[in-house]
Amino acid sequence: MASGGVIRGWGTALPEKVLTNDDLSAMMDTNDEWITERTGIKRRHIGGTTSSLSIESARKALAMSGLPLESIDGLVLSTTTPDRTVPATSASVQDALGLRCGAFDLNAACSGFVYAYVVAHGLLAIGAKRLLVIGTDTLSRITDWSDRGTAILFADGSGACVVEAVDNGGQLLGWDIDADGSLERLLYADVGGYIHMDGKEVFRRAVRIMVDSAQKSLAKAGVSTDDVALCVPHQANARIIDAACRQLGIPLERTAVVLHETGNTSSASIPLALFDAADRGRLRNGDLVLMVGFGAGMTAASAVIEWRQP
Ligand code: COA
């Protein structure tokens, strides 16, 4: 499949303020042992706005790409927590970065970054050349800090990359996007309201949804899990990641996990894990990477990409 783009530069951003499990224990009836055992999360970063975090990660991505600002012809910001209802937060980000290009927000909850990456390839296929793809969420703003069922999970962060068109096919080998709106009630926040979640049911479905989506992308790419050098799952819960990877047959040594440090940052989750792996030198040219996410909606998205850096 010729999909025509490669990642040229990337960047991430986390708010300075850190909230540990012990900090949470002082706020509500919970404890470090329970949170660690049930989720794998040890601490998370809280603060900032969706635009400020996006600007920080995108500046790093643009600088790393070495590409001139005027060559960027589109900005896709995946977020579930825009700064305002109108205009899209991408407008503020575009202005602060000094870009002049098409800019829009996309909301597919925690599957959002992979959705945005796939949508960017759609734009490349019809002539766009260089796109900024950002995944940012500030879930702390819509988290009820007295609800121990959700407050232990959610946090803030951002990850961004520049995707550039290339002539001879791109790095995207297979992809899948999906949604089942009938499951909306399992995880939602009304306008101006907090996140409500049926944790057990989300957990149960998440594993199946991730495995299904990953298998579809792998089949489209014509590869198997044995060919995957690194799996980058949505960073929601270590037990969900363990179960999904076990079913897929991908050992944890080939899985990117940062959630102990970040919590669940929704749209930022997969880029934070992917670019952490890249920054640590875990990826070599030619490696196949499987990104796979799930989230409210209930959405799912996955992509098999071949890691390529000049
Ligand atoms: N601290 C301490 N105890 C807690 C607690 C907390 N934060 N939350 C719940 N408990 C208690 C419950 O009251 C219950 O006690 P009981 O047995 O005496 O009734 C017990 O722990 C088990 O609760 P339960 O809700 O069954 O826990 P769980 O194993 O399902 O874990 C989640 C809860 C939220 C961690 C888990 O369901 C989950 O991660 N779900 C997926 C959520 C998700 O990923 N959402 C984002 C999707 S993008």
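Start at 1 and go down the list; that is how both ligands and their atoms are numbered.
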Hey, does R239 come in under 3.5 Å of ligand 1, counting only N/O atoms on both sides?
yes
Tell me the contacting part of T30 for ligand 1: side chain, backbone, both, or neither, using a 4.0 Å heavy-atom threshold, strictly below.
both
Cut-off 3.5 Å, side chains only: do N31 and S25 have a donor facing an acceptor?
no
Heavy atom under 4.0 Å from ligand 1: found in T150's side chain, backbone, both, or neither?
neither
Nearest neighbour of atom 42 (C) of ligand 1 from the list E37, R204, M197, R38, on a heavy-atom basis:
M197
Assess whether a salt bridge exists between R148 and D29, defined as any Lys/Arg side-chain N lying under 4.0 Å from an Asp/Glu carboxylate O.
yes
So, S213 versus D176: side-chain donor-acceptor pair below 3.5 Å or not?
yes
Could you see which bit of I35 sits under 4.0 Å from ligand 1, with heavy atoms only: side chain, backbone, both or neither?
neither
Numbered in order shown, the ligand 1 atoms found under 4.0 Å of a heavy atom of H234 are 48 (S)
Decide whether the shortest distance between a heavy atom of M28 and an atom of ligand 1 is less than 4.0 Å.
no
With side chain to side chain contact (heavy atoms under 4.5 Å, CB included) as the criterion, how do Y188 and I195 come out once you've worked through the C-alpha distance, each side chain's angles and the decisive distance to 0.1 Å?
CA-CA 6 Å; Y188 66 91; I195 297 172; over 6 Å; no
Between ligand 1 and G149, can you find any atom pair, the residue atom being a heavy atom, that is separated by under 4.0 Å?
yes
With sequence neighbours excluded, residues passing ring-ring contact (aromatic ring centres under 6.0 Å, His included) with W307:
W10
Out of all atoms in ligand 1, which are within 4.0 Å of some heavy atom of N264? Include the element for each.
46 (C), 48 (S)
When the ring planes of F294 and H234 are compared, do they come out parallel, tilted or perpendicular, using 30° and 60° as the limits?
perpendicular
Tell me which donor-acceptor pairs under 3.5 Å the side chains of residues 149-159 have, and how far apart each pair is, sequence neighbours excluded?
| residue | atom | partner | partner atom | Å |
| --- | --- | --- | --- | --- |
| T150 | OG1 | D147 | OD2 | 2.8 |
| D156 | OD1 | L139 | N | 2.9 |
| D156 | OD1 | S140 | N | 2.9 |
| D156 | OD1 | S140 | OG | 3.2 |
| D156 | OD2 | G47 | N | 2.7 |
| D156 | OD2 | S140 | OG | 2.6 |
| S158 | OG | L53 | O | 3.4 |
| S158 | OG | S57 | OG | 2.7 |
| S158 | OG | T136 | OG1 | 2.7 |

